[in-house]
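Protein chains get the first letters and strands the later ones, always in sequence-line order, with residue 1 at the start of each. For clarity, every value in this text was computed on a predicted model and none was experimentally measured.
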Amino acid sequence: MPKRKASQLETGPDSTNLRRSTRRRSQLVPSPAAEVDASSATSTTKRMEKKEKEPKLQKVVEKPQKETNKAPPKSQAKPTKPAKTSKPALETGKNATKAESSEKSYWLMKAEPESRFENGTDIKFSIDDLASRTEPEPWDGIRAYAARNNLRSMKKGELAFFYHSNCKEPGIVGTMEIVEEHSPDVSAHDPKAPYYDASSKPEDPKWSVVHVKFRSKFAQPIGLKELREFGKPGEPLENMQLLKQSRLSVSRVSPAEWEYLMSVVNQRGGETQ
DNA sequence: GCCAACGTTGGC
DNA sequence: GCCAACGTTGGC
């Protein structure tokens, strides 16, 4: 099931996200070229078999498209440690950006743990659902460029928070690991899938998934309310993307933010596996 | 179910 | 390229 309908901030070059706009242009333009966004333009598109039924769980095996990750590894990963004063000049230039891109990123992904139907399918997906999986889970259903670009920036081995949204107790409930980098989200091509997108063509996929694996569940979740407390001016999470762009379903977490949150977790019962 | 925030559409 | 209308997200 879709992890979450991605959201806002279509920074993508093409910004044609017809899916939910009722104001759609007369038709879903069939022209493939028109839908391409810069980053996936080369699309390569390997497989184009569209599986009709079963909305998910196919572990797509195609090789990742070669596209440049648009999303700049910006989040100022403030290197609290690597304060190297020795060779500052040398690194400044390339390292300014390089340091960040070579550093591991962290992420936060939202899913809805309570039942809700989209295109006839229940999209509910909780941390427990993930924990019960025996195979890598494709994080599908993302239909917003900003979120998709974040997916495409994820590297194998990186970690992400699992966030419960649109529910009674919104908040971070656990962690997962990126076990397979991005590949086309074939669910977009299935008319029966919750987040079918007629504008995405199998031969030129517009959306992406990454595959994730359960890592841990927190003994006690960190609620949105608390997150906001930690996000007040001067507080550790004051720049957290989740709080700045609340509608973004896949966001970046800086190493400092990650460490801070994990320290909070460890102060209250830690994690279970 | 309400509604604030914010993104998109599309006429001009 | 502006901007009013409108749609979606997601907390409450």
CD of A:Gln220: more than 12 outside heavy atoms within 6.0 angstrom?
yes

A:Tyr195 side chain near C:dT8 phosphate (N/O to OP1/OP2, under 4.0 Å):
no

Could you state the CG-P distance from A:Leu242 to B:dA5, rounded to the nearest angstrom?
17 Å

When the distance from CD of A:Glu169 to P of C:dC12 is rounded to whole Å, what number comes out?
10 Å

Rounded to whole angstroms, how far apart are CG on A:Leu248 and P on C:dG11?
13 Å

Any side-chain N or O of A:Arg228 under 4.0 Å from OP1/OP2 of C:dC12?
yes

Parallel, tilted or perpendicular: which fits the ring planes of A:Phe161 and A:Phe218, with parallel below 30° and perpendicular above 60°?
perpendicular

Expressed as a whole number of angstroms, how long is the span from A:Leu243:CG to C:dG11:P?
11 Å

Would you kindly give the CG-to-P distance between A:Asn149 and B:dG7, to the nearest whole Å?
15 Å

Using 4.0 Å as the upper bound for N to carboxylate O, is an ion pair formed by A:Arg215 and A:Glu177?
yes

Parallel, tilted or perpendicular: which describes the rings of A:Trp258 and A:Tyr106, with under 30° parallel and over 60° perpendicular?
parallel

Rounded off to whole Å, could you give me the CG-to-C1' distance for the A:Asn166 and B:dC3 pair?
14 Å

Can you measure A:Glu118 atom CD to C:dT9 atom C1' for me and round it to whole angstrom units?
11 Å

Value in whole Å for how far the P atom of C:dG11 lies from CZ of A:Arg116:
12 Å

